[in-house]
Amino acid sequence: MAALDLETLKKELNPEQYRAVTTVDGPILIIAGAGSGKTRVITFRIAHMLDIGIPQSQILALTFTNKAAREMEERIKDLTQKKLQNLTVSTFHAFGVKILRQEITALGWRENFSIYDETDRNSLIKETGRELGFTADNLDVYKIGNLFSNIKCGRKTWNGENDMYKQLYEGYQAGLKLYNAVDFDDLIVLPIKLFRENPEILQKYRSRFKYIMIDEFQDTSHQQYEFMHLLADKNVAVVGDDDQSIYSWRGADYQNIVNFEKDFPGMQEIRLEQNYRSTETILAAANGVISHNTNRKEKKLWSGNDSGKPIEIFMPDNETDEASFIAESIQGIAMEEKLKYDQFGVLMRANTQSRPIEEAFLEANIPYTMSGGTSFFQRKEIKDVISYLRVIANHDDDVNLIRIINVPRRGIGRATLEIFNDYALQNHCSLWTAITDLMAMPDGVLSDKTKLLIQEFLDIIEGNTSMISGKGLSKKVRNLVEEINYWDYLISDNPKSEKAARFKYLNIEHLIQSIETWENNPDNYDANLYNYLNRITLLSRDDGDDENNLGKVNLMTIHASKGLEFPVVFIAGAEDGLIPHARSIEDGEGNVEEERRLFYVAITRARDKLFISSCQKRRKMQATVECTPSRFLDEIPPNLVEYHEPSQVVSDDKAQDILARMAEMFKAPEDQI
DNA sequence: CGTCTCCAGGTTTTT
DNA sequence: CCTGGAGACG
């Protein structure tokens, strides 16, 4: 499609969409119900802006997930057939990185800073805690990590209850700075600080980005809102739907919609209420569910589509049965209706649900992609390699240095590390500085043998600094992996299973190949190590190219499914305790409303056909527990639903039940049978 | 002093 | 199943 003249737009869009696309100046709020063509409006809007001569460099579009950002960019490219070198489409966090890469020296960091993910953060907390004399029992790093995040983002303050961690927090912050590192929250918090303290820097960005657009606005946190507010003049378009706000646990607050009205006078509100996606049945089910929420903007989402087929609810016995039910149904429907596998979406509440489903797919030879879940980049072997890259990029990155200084084993143990650590503490320097200082000392602080071992490590890091600039990153990484003999390490570390070792090695191979693809991408004109590291830290999962996902069933969490749609959708594990999640139920009604929105999001992903399954039993840790169907199932108007009774093998079931109970009784005294 | 082995615990959702 | 930690062993 070449020109997007107004005639064409009028034909392609309904009147509200048309207004949203062509209102380019001034603040606008687009309330976009599920399936109302939101993505289409955003992409057309940007294409239209380019068409009327607004330079790419003045446009900033912010999203929440990398997937959404990539998809938006793709669509605009398709629509305009233009190169988009100067258009900024990115997640809030990635945009924060971009700014910090340019400006962070103003805040006292050096520009090759590392970004710490949750694991890194927790290691740093643990390390700092040990120095401050915390014992293992009052150092729950998981809990403390969350607390620190809440403190940093202003969601919590120090009170009598958590004061004991204040010093630890300060130590943590000092550690980040000493190691030239920032955490995820800093990616939003530090740019705000930067803008506040340096008006001239802020002005630079304000005058560059004249047109700002924010997708999924209901999921912005106060920080993100403030970030945007600082940058924006008046041409801001925010797009959202309060019914799809599902990130409040991360600080999202859809009250920002109200703030927006206040902070940007003259705002125009546009409502997109026609759903183009789903059948009348699916939409009515979704509306039935969401209407139970008390705290929402009333809206009337309607669809011009047919009523379609009823929603089917199944009650499999357990999660294994559920998985094979899903696999078999997909095979059957794909065959009968001539659908491709990528037209199916299987949605679940928690990543832990994926395993049995994946196994069923493997068994049935159904190709699938799983987004979310234990991230590729969280795998131990991948983290090891990446840690080398990080230390090469930033020698002062203690957390990553500790991770690899003795991996693969090279004879540098706890005691040696303790010497470095003491020196670093006394001299307020990083471990790397401590190591090089101590290596230079003639006296016998370090034994000659130790010195030799350390030198070996230092040589590896320093011998690879050429990675930082220049071409051929993937080749250099491959050489590095060989240089450190990682393959031998994998074999010795997985003595029982060479298969496991090979699997891990293949993961590394996959990593190297992805670096290769990345550096050969013509759009990527500066394929250096820093840029690579920035990119992957924000890539929480291996959400590979969409092209790779052609012909594969989409398995994902409901959170990850936002913004997507599939002709056929399965919602797995619709049980109380999973959705709504047990933790949310504990925390009160407000959280149940968020879970309901989550369920609403899940339902509205479906275009033609929706299956919901609720297991009667489910394995949780070691035990098998009885499940009750999700309370949300009762909120779907019954006339839309076809219930399938539990399979008729009752006698078998009962027998198993009795057996299980007997096993319980005998298990008590001894741990046998 | 470093390495290996065995054992317990598992953390909702994501950048 | 997989990871991290404690403690035994060489």
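Numbers restart at 1 for each chain; the letters A, B, ... are given by sequence-line order, proteins then strands.
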Does B/dT13 have its OP1 or OP2 closer than 4.0 Å to a side-chain nitrogen or oxygen of A/Asn591? no

A/Met556 atom CE is separated from B/dT13 atom P, nearest whole Å, by 15 Å

ring-ring contact (aromatic ring centres under 6.0 Å, His included) involving A/Phe566 - partner list, sequence neighbours excluded: none

Excluding sequence neighbours, so at least two apart, what forms side-chain hydrogen bond (donor to acceptor under 3.5 Å, both in side chains) with A/Asp398? A/Tyr179

Whether the side chain of A/Gln218 engages the backbone of A/Asp241 through a donor-acceptor N/O pair (distance < 3.5 Å, no angle test) should be reported. yes

Mind calculating the distance between CD (A/Gln378) and C1' (B/dT14) to the nearest angstrom? 11 Å

If only side-chain N and O atoms of A/Asn351 are considered, is one of them under 4.0 Å from the OP1 or OP2 phosphate oxygen of B/dT12? no

Distance check needed: C/dC2 P versus A/Lys499 NZ, whole Å only. 11 Å

Is the ring of A/His559 stacked on the base of B/dT13, with centres less than 5.5 Å apart and planes under 30° off? no

Look at the side chain of A/Arg583 and the base of B/dT12, then say whether one donor and one acceptor between them are separated by less than 3.5 Å. no

N/O contacts under 3.5 Å, protein versus nucleotides 3-10 of chain C?
{"from": "C/dG5", "atom 1": "OP1", "to": "A/Lys126", "atom 2": "NZ", "distance (Å)": "2.6"}

Please identify each residue that fulfils salt bridge (Lys or Arg N to Asp or Glu O under 4.0 Å) with A/Lys126, with sequence neighbours left out. none

Using the side-chain heavy atoms of A/Arg355, tell me which of these nucleotides is nearest: C/dC1, B/dG2, B/dT15. C/dC1

Is it true that A/Asp183 and A/Tyr172 share a donor-acceptor pair across their side chains at a distance under 3.5 Å? yes

Could you tell me which residues satisfy salt bridge (Lys or Arg N to Asp or Glu O under 4.0 Å) with A/Arg130, sequence neighbours excluded, listed by chain and number? A/Glu127

Taking any heavy-atom pair under 4.0 Å as a contact, classify A/Asp185: base, sugar-phosphate, or nothing. nothing

Among B/dT12, B/dT15, B/dT14, find the nucleotide with the atom closest to the side chain of A/Thr557. B/dT14

What residues in residues 248-255 of chain A put a non-hydrogen atom under 4.0 Å from any atom of DNA chain B? A/Trp249, A/Arg250

Between C1' of B/dG10 and CG of A/Asp140, the distance in whole Å: 13 Å

Taking atom C1' of B/dT15 as reference, at what distance in whole Å does atom CD of A/Glu216 sit? 14 Å

Let me know the distance between OH of A/Tyr489 and P of B/dT3, rounded to the nearest Å. 11 Å

Side-chain donor or acceptor of A/Asn394 paired with backbone N/O of A/Asn180 under 3.5 Å: yes

Upstream residue (5' side of DNA chain B) when A/His93 and A/Arg409 are each assigned their closest nucleotide: A/Arg409

Can you pull out every salt bridge (charged side-chain N to carboxylate O under 4.0 Å, His left out) where at least one residue sits in residues 214-223 of chain A? Sequence neighbours excluded, please. A/Lys38-A/Asp215, A/Lys38-A/Glu216, A/Glu216-A/Lys562, A/Asp219-A/Lys562

Both A/Leu417 and A/Glu595 contact DNA chain B. Which one's nearest nucleotide lies toward the 5' end? A/Leu417

Regarding the side chain of A/Asn406, the nearest nucleotide among B/dT15, B/dT3, B/dG2 is B/dT3

Taking only residues two or more places apart in sequence, or in another chain, which ones meet A/Tyr505 in a ring-ring contact (aromatic ring centres under 6.0 Å, His included)? A/Trp487

Grab the CG-P distance between A/Leu555 and B/dT13 for me, whole Å please. 13 Å

B/dT15 P sits how many Å from A/Asn146 CG, rounded? 16 Å

Report the residues that fulfil ring-ring contact (aromatic ring centres under 6.0 Å, His included) with A/Phe113, sequence neighbours left out, ordered by chain and then residue number. none

Distance check: side-chain N/O of A/Thr416 vs OP1/OP2 of B/dG2, anything under 4.0 Å? yes

If you measure from CD1 on A/Ile508 to OH on A/Tyr486, what distance do you get to the nearest 0.5 Å? 5.0 Å

With a non-hydrogen cut-off below 4.0 angstrom, is A/Phe64 in contact with a base, only sugar-phosphate, or nothing? sugar-phosphate

Report yes if a side-chain nitrogen or oxygen of A/Thr352 is closer than 4.0 Å to either non-bridging phosphate oxygen (OP1 or OP2) of B/dG10; otherwise report no. no

